[in-house]
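Numbers here simply count residues along the sequence, with the first being 1. Both ligands and their constituent atoms are indexed starting at 1 by order of listing. Just so we're clear, the structure is a prediction, and the values are computed from it rather than from any experiment.
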Amino acid sequence: MRTTVTQIREMKANGDKTAMLTAYDYSIAQILDRAGIPLILVGDSLGMVVLGYETTIPVTMEVMLHHTRAVVRGTEQTLVIGDMPFMTYHVSVEDAMRNAARFIQEAGCQAVKLEGGMVVAEKVRRIVEAGIPVMGHIGLTPQSANQLGGHRVQGRAPGAAAKILEDARVLEDAGVFAIVLEMVPAPLASLITERSGVPTIGIGAGAGCDGQVQVINDMLGSFTDFVPRHAKQYARLTETIAGAVEQYQAEVKSGAFPTKKHSFTMDESLLTELRTK
Ligand code: KIV
């Protein structure tokens, strides 16, 4: 049985912190699912860490659906959230509802996430009313990085801090089951968390949030073009993979790989017969 949004809300009530991670493919999703991670976000960050774009802007619905399906196939227990990409929920409420429905219907995930506060509140409300759980995302919203002056901390100025606080309240009223707080000062994130009836999930928002989210490639050290300050590397897969690849290449060249263990035999008489032809 998969984790439900009700259970995620109960975790806040019980003071039980939520560890959420991103995943973009079947095999990583399977590992996270078996490790008991309750929430997986198929983030549009895949545009950067999997596809090599400089931002998340080029990511399309088709790409997101493709990766979300793979993650759903790799999970049995985890609640999977599809991240709505740039311009798939901005034009109209109808557009937002139709695209949110595609995640649930065509990719099989259980919830969607979209970026923004007040400006997307009506869309959030209508998607939730249609029966689709929504996770909010405020603070640094990377799809608007051009508008926000890059990937920088949000909410340090008095007006900006008050706006983020208000965005969180409006999103809760609109019916989100949780809110991602990205790159906001820790004291502001703690204040939002205290006031919010739904769990806050921080990334670069300090320890006062109800949960944390990390981009899996950052925490595994498999994406090193840049390492955000808020990322902690629990492994250094780039080095591990490079070491394995070097050893493989050396063994292929020396003939140490493959061995008999990695090869298949056949009937000697058939081989003898083949040699006569
Ligand atoms: O796309 C993503 O991975 C995200 C997380 C950083 C929250 O939105």
Side-chain angles (χ1 to χ4, degrees), residues 8 18-25 28-29 32 37-61 63-68 70-71 78-90 99-100 103 107 109 111-117 120 124 133-145 148 150-155 164 167-168 171 176-184 189 192-193 198-206 209-220 222-223 225-233:
I8 297 299
T18 306
M20 165 166 144
L21 283 167
T22 68
Y24 316 105
D25 65 46
I28 293 283
L32 304 192
I37 291 291
L39 289 175
I40 290 180
L41 171 68
V42 187
D44 64 353
S45 49
L46 70 83
M48 298 166 81
V49 301
V50 176
L51 302 178
Y53 293 122
E54 277 182 17
T55 70
T56 58
I57 305 291
V59 177
T60 63
M61 269 305 284
V63 165
M64 288 307 302
L65 293 175
H66 176 74
H67 285 270
T68 304
V71 169
T78 306
L79 192 157
V80 180
I81 304 156
D83 204 6
M84 297 188 68
F86 182 63
M87 272 305 145
T88 63
Y89 54 94
H90 303 80
N99 285 321
F103 271 99
C109 62
V112 296
K113 175 172 85 58
L114 44 87
E115 295 181 5
V120 294
V124 169
V134 176
M135 174 176 271
H137 182 163
I138 53 177
L140 172 66
T141 46
Q143 292 171 12
S144 313
L148 300 173
H151 292 84
R152 52 176 57 193
V153 179
Q154 302 296 309
I164 294 173
D167 278 342
L171 284 178
V176 295
F177 71 93
I179 305 173
V180 169
L181 301 177
E182 180 164 356
M183 287 183 73
V184 299
I192 295 170
T193 303
V198 296
T200 57
I201 311 285
I203 175 162
C209 298
D210 296 304
Q212 298 292 323
V213 57
Q214 288 278 288
V215 169
I216 188 82
N217 301 59
D218 288 339
M219 66 87 75
L220 293 180
S222 64
F223 175 78
D225 284 5
F226 59 90
V227 181
R229 170 159 165 197
H230 56 66
K232 177 170 175 186
Q233 289 184 331

Assess the residue pair Ile203 and Met183 against the criterion (side chain to side chain contact (heavy atoms under 4.5 Å, CB included)); give the C-alpha distance rounded to whole Å, side-chain angles, the decisive distance to 0.1 Å, and a yes or no. CA-CA 6 Å; Ile203 175 162; Met183 287 183 73; over 6 Å; no
Report the part of Ile203 (side chain from C-beta onward, or backbone N, CA, C, O) that has a heavy atom under 4.0 Å from ligand 1; answer both or neither where that applies. side chain
Can you tell which part of Thr22 has a heavy atom less than 4.0 Å from ligand 1: side chain, backbone, both or neither? side chain
Over all atoms of both residues, closest heavy-atom pair of Leu21 and Met219: CD2-CG, 3.8 Å
So, is Asp83 polar-close to ligand 1, with some N/O to N/O distance under 3.5 Å? yes
Which atoms of ligand 1 have any heavy atom of Gly43 under 4.0 Å away? 1 (O), 2 (C), 3 (O)
To which protein heavy atom is atom 2 (C) of ligand 1 closest, and what is the distance rounded to 0.1 Å? Ser45 OG, 3.3 Å
Quick one: does ligand 1 sit under 4.0 Å from the side chain of Glu115, the backbone, both or neither, non-hydrogen atoms only? neither
Atom 5 (C) of ligand 1 [closest protein heavy-atom partner, distance rounded to 0.1 Å]: Leu41 CD2, 3.7 Å
Report yes if the side chains of Met20 and Ile37 come closer than 4.5 Å at any heavy-atom pair, otherwise no. no
If you count heavy atoms of other groups shown closer than 6.0 angstrom to NE2 of His66, is the number above 12? no
So is Lys113 close enough to ligand 1, meaning a heavy atom under 4.0 angstrom away? yes
Any Val112 side-chain heavy atom under 4.5 Å of Asp83 side chain: no
Side chain to side chain, Val124 and Leu114, heavy atoms closer than 4.5 Å: yes
